[in-house]
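Encoded as structure tokens, the structure appears first; notes follow it.
All of these numbers come straight from a predicted model, not from anything done at the bench. The figures that follow rest on heavy atoms only: side chains count, while hydrogens, waters and symmetry mates do not.
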Amino acid sequence: MISSKGKVRGQITVTVRDCNGKVKYYKNGFWRTLFNLPRKPMIIKHHNTITNQGDGMIADLLISNPTQNKVDATNGYMRVGTGWTGTTPKNNTGVNTPTGSFKKLDSTYPKTSGEFGATGQNVVLYRTSFAAGDLNANGINEVALMNGNTSAAKCLAYAQITPAVNVTSADSLQIDWLITFNGA
């Protein structure tokens, strides 16, 4: 019997910058103020969930004639929202409560972290940058990595943004997403 411990896992990094390009900070809450702790920067790292649709998209890529669009330079998009519920993220087909529009991946993405045969060959990097004016929303707490920008798009991966971020029309939001494929 052959057994595999292979898995696909990922992580997102969300960064909010002000109109001068500097990382924004959360306002200190009661405990941070009481203990005179420094403000926390709006750079959030969190794991992701490869969705059921994402599992199907990965399998589709391995057949002779794939039927689904890849999350690539042509069809790769992210969408943010304010509706994280924590219930069944594996079943998500997009964000629960969208805010703003679908945003195309930045021009040099996706790409692998390393050349074929080298360290990082199994890590795919995605990046989307929402420029000032693209968003104006409080409580952004979810993001989806999609293979298109219509209601027919499929969701490869979904992630919670915690703590939630507030993005004004003067701010920019950058989302870096990495997906690692491990066979064992």
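The shortest side-chain heavy-atom distance between Ile43 and Val14 does not fall under the 4.5 Å cut-off. In this structure, the side chains of Leu145 and Thr128 stay at 4.5 Å or more apart for every pair of heavy atoms. The shortest distance between side-chain heavy atoms of Thr180 and Asn122 falls below 4.5 Å. In this structure, Asp176 and Leu125 have side chains that are not in contact, with every pair of non-hydrogen atoms separated by 4.5 Å or more. In this structure, Thr97 and Glu142 have side chains that are in contact, with non-hydrogen atoms separated by less than 4.5 Å.
Taking the six-membered ring for Trp, Trp177 and Tyr109 have ring centres at least 6.0 Å apart.
Remark: Lys154 NZ to Met146 CE distance equals 8.5 Å, nearest 0.5 Å. Rounded to the nearest 0.5 angstrom, Gln160 CD and Thr85 OG1 are separated by 9.5 Å. We find the CG-CG distance between Leu135 and Leu173 to be 6.0 Å, quoted to the nearest 0.5 Å. With values rounded to the nearest 0.5 angstrom, Leu178 atom CG is found 8.0 Å from Arg9 atom CZ. Separating the NZ atom in Lys111 from the CG atom in Asp106 is a distance of 9.5 Å, to the nearest 0.5 Å.
Remark: the Asn75 side chain and the Asn147 side chain contain no N/O donor-acceptor pair separated by less than 3.5 Å. Remark: the Asp55 side chain and the Gln53 side chain contain no N/O donor-acceptor pair separated by less than 3.5 Å.
Nearest heavy-atom pair, Asn48 versus Ala157, reported as atom, atom and distance to 0.1 Å: OD1-CB, 3.3 Å. Between Pro163 and Tyr26, the shortest heavy-atom contact is O-OH, 3.1 Å. Of all the heavy atoms in Asn141 and Thr82, the pair that sits closest is OD1-C, 3.1 Å. Contact record, Pro66 with Ser64: CD-O, 3.4 Å, taken as the closest heavy-atom pair. Taking both residues in full, the closest heavy atoms of Asn92 and Gly94 are given as ND2-O, 3.3 Å, listed atom of the first, atom of the second, then distance. Closest non-hydrogen pair, Val80 versus Ile175, comes out as CG1-CD1, 3.6 Å.
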The test is side-chain contact (heavy atoms from CB on, under 4.5 Å); show your working for Ile140 and Val167 and say whether it passes. CA-CA 8 Å; Ile140 296 173; Val167 179; 3.9 Å; yes

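Without hydrogens or angle criteria, Gln174 side chain to Phe130 main chain gives no donor-acceptor distance under 3.5 Å. Under the 3.5 Å distance criterion, the side-chain polar atoms of Ser129 are left unmatched by any main-chain donor or acceptor of Ala131. Put simply, the side chain of Thr150 gets close to the backbone of Ala152: a donor and an acceptor are under 3.5 Å apart. Within the 3.5 Å criterion, the main-chain N or O of Gly83 finds a donor-acceptor partner in the side chain of Asn96. When atom types are taken as modelled, the side chain of Asp72 and the backbone of Pro110 share no donor-acceptor pair closer than 3.5 angstrom. The main-chain N or O of Gly54 is found under 3.5 Å from a side-chain atom of Thr51 such that the two form a donor-acceptor pair.
In the hydrophobic clustering of ILVMFWY residues, with side-chain heavy atoms under 4.5 Å counting as a link, Phe181 and Leu61 come out apart. By the criterion of side-chain heavy atoms lying less than 4.5 angstrom apart, applied directly or through intervening Ile, Leu, Val, Met, Phe, Trp or Tyr residues, Ile44 is grouped together with Met78 in one hydrophobic cluster. Under the 4.5 Å side-chain heavy-atom criterion for Ile, Leu, Val, Met, Phe, Trp and Tyr, Met57 and Val143 are members of the same hydrophobic cluster. No chain of hydrophobic side-chain contacts below 4.5 Å, direct or via other Ile, Leu, Val, Met, Phe, Trp or Tyr residues, connects Tyr158 to Ile58. Connection of Ile12 to Trp84 is not established within any shared hydrophobic cluster, with ILVMFWY side chains joined at heavy-atom distances below 4.5 Å, either directly or through further cluster members.
More than 12 heavy atoms of other residues, nucleotides or ligands lie within 6.0 Å of NZ in Lys90, so this atom counts as buried by the packing criterion.
Just one residue in the list Lys103, Arg79, Lys104 forms a salt bridge (Lys or Arg N to Asp or Glu O under 4.0 Å) with Asp134, and that residue is Lys103.
Residue pairs satisfying the side-chain hydrogen bond (donor to acceptor under 3.5 Å, both in side chains) criterion with at least one member in residues 10-24, sequence neighbours excluded, are listed as follows: Lys24-Asp171.
By the 4.0 Å N-to-carboxylate-O rule, Asp60 lies too far from Lys70 to be salt-bridged with it.
Using a 30° and 60° split on the angle between ring planes, Tyr77 and Phe102 fall in the perpendicular class, above 60°.
Taking the ring pair (Phe, Tyr, Trp, His ring centres under 6.0 Å) definition, one finds that Tyr126 meets it with nothing, sequence neighbours left out.
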